[in-house]
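Notes follow the structure.
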Amino acid sequence: MRRLRADYPDAECALRYNSPVQLLVATILSAQCTDERVNLVTARLFADCPTAEDLAGLPLERLERYVQSTGFFRNKAKNIKACCTTLVEEYDGQPPRTLEELVPLAGVGRKTANVVLGVAYGIAAGVVVDTHVGRLSRRTGLTTQEDPVRVERDLMELLPRSRWIDFSHQMIYHGRQVCDARRPKCDTCSFRRFCPRVGVAD
DNA sequence: ATCCCGAGGG
DNA sequence: CCCTCTGGAT
């Protein structure tokens, strides 16, 4: 934990947004897609449609065209429209502040809900477990679980709540820059001494 | 377990 | 060609 904090003291969410709703939409778009591409898409989308009302009112075909290059674009467009419609109708256009209220929204699971709560509202309701956090947690032996919900439970037991939010951002940075999925750079990794699987495949 | 789905790297 | 990218719904 100390090394992680020392290596990435300024790690933060790489998605660009100007409001909690925009962060929620950007996070939905980030599924199986690089944050860089999400930012490319949201730059245009949020310039034209900054609020939940704007996004909910956008015809589905137009929304699909905006988000097309992020992949899964039909699902993502449909979910964003439905999600923003619910926000307008039930939450005055603002994402709610609890997991219980966020997860039922279209296209929102625990990962997305934890990002919005932690990053937009500073609420540590859980640990964000995405593909990077899951992979690194398994490689370093913090968990043996595959299911993201079980990985999250293990991490919540290991980490003090005060570190839940920063931990994920730091793991994601390290996962992108060093411990990537295909060819991890174990020879230059600063976690070499702690890692039980240096030189081991997957 | 399977489907959704485009873009970029090796 | 194959794999991966801040997943979620059925």
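Labels below follow one simple rule: chain letters A, B, ... track the order of the sequence lines, proteins then strands, and each chain is numbered from 1. Both backbone and side-chain heavy atoms feed into the values below; hydrogens, waters and symmetry mates do not.
With sequence neighbours excluded, the residues forming a side-chain hydrogen bond (donor to acceptor under 3.5 Å, both in side chains) with A:Glu152 are A:Arg110, A:Asn114, listed by chain and number. By the side-chain hydrogen bond (donor to acceptor under 3.5 Å, both in side chains) test, A:Arg176 is found to be paired with A:Asp35, residues two or more places apart in sequence or in another chain being considered.
Using a 4.0 Å cut-off between charged side-chain N and carboxylate O, A:Glu64 and A:Lys76 make no salt bridge. Salt bridge present: A:Asp180 and A:Lys185 bring a charged side-chain N and a carboxylate O closer than 4.0 Å.
With DNA chain B read from its 5' end, the first of the two nearest nucleotides for A:Arg37 and A:Lys76 is the one closest to A:Lys76. Toward the 5' end of DNA chain C, the nearer of the two residues A:Glu12 and A:Val103, judged by each one's closest nucleotide, is A:Glu12. Taking the nucleotide of DNA chain C with the nearest heavy atom to each of A:Ile172 and A:Ala106, the more 5' of the two is matched to A:Ile172.
Between the CG atom of A:Leu40 and the C1' atom of B:dG8 there is a distance of 13 Å, rounded to whole Å. Rounded to a whole Å, the NZ atom of A:Lys78 is 16 Å from the P atom of B:dC3. Protein atom CD of A:Gln68 is 5 Å distant from nucleotide atom P of B:dA7, rounded to whole Å. Rounded to whole angstrom, the span from the CG atom of A:Leu29 across to the P atom of B:dC4 amounts to 19 Å.
At the heavy-atom level, A:Thr112 lies under 4.0 Å from the strands shown only through sugar-phosphate atoms. Counting non-hydrogen atoms under 4.0 angstrom, A:Leu105 reaches the backbone sugars and phosphates but no base. Counting non-hydrogen atoms under 4.0 angstrom, A:Glu36 reaches nothing in the nucleic acid. Across all strands, A:Arg182 comes closer than 4.0 Å to base atoms (heavy-atom distances). Across all strands, A:Val108 comes closer than 4.0 Å only to sugar-phosphate atoms, never to a base (heavy-atom distances). Residue A:Arg183 is classed as having no contact, given no heavy-atom separation below 4.0 Å to the nucleic acid.
Running 5' to 3' along DNA chain C, contacts with non-hydrogen atoms of chain A at under 4.0 Å begin and end at C:dC3 to C:dA9.
Comparing C:dT10 with B:dC5, their P atoms sit 14 Å apart, to the nearest whole Å. For C:dT6 and B:dT2, the P atoms lie 25 Å apart once the distance is rounded to whole Å.
Counted within 6.0 Å of CG on A:Asp187, heavy atoms from surrounding residues, nucleotides or ligands total more than 12; the atom is thus considered enclosed.
Looking at A:Leu159, A:Val128, A:Ile172 one by one, the single match for side chain to side chain contact (heavy atoms under 4.5 Å, CB included) with A:Phe167 turns out to be A:Leu159.
Ring-to-base geometry places A:Phe72 in a stacked arrangement with B:dC4 (centre distance under 5.5 Å, plane angle under 30°).
Between A:Val41 and A:Ser69 the shortest side-chain heavy-atom distance falls below 4.5 Å.
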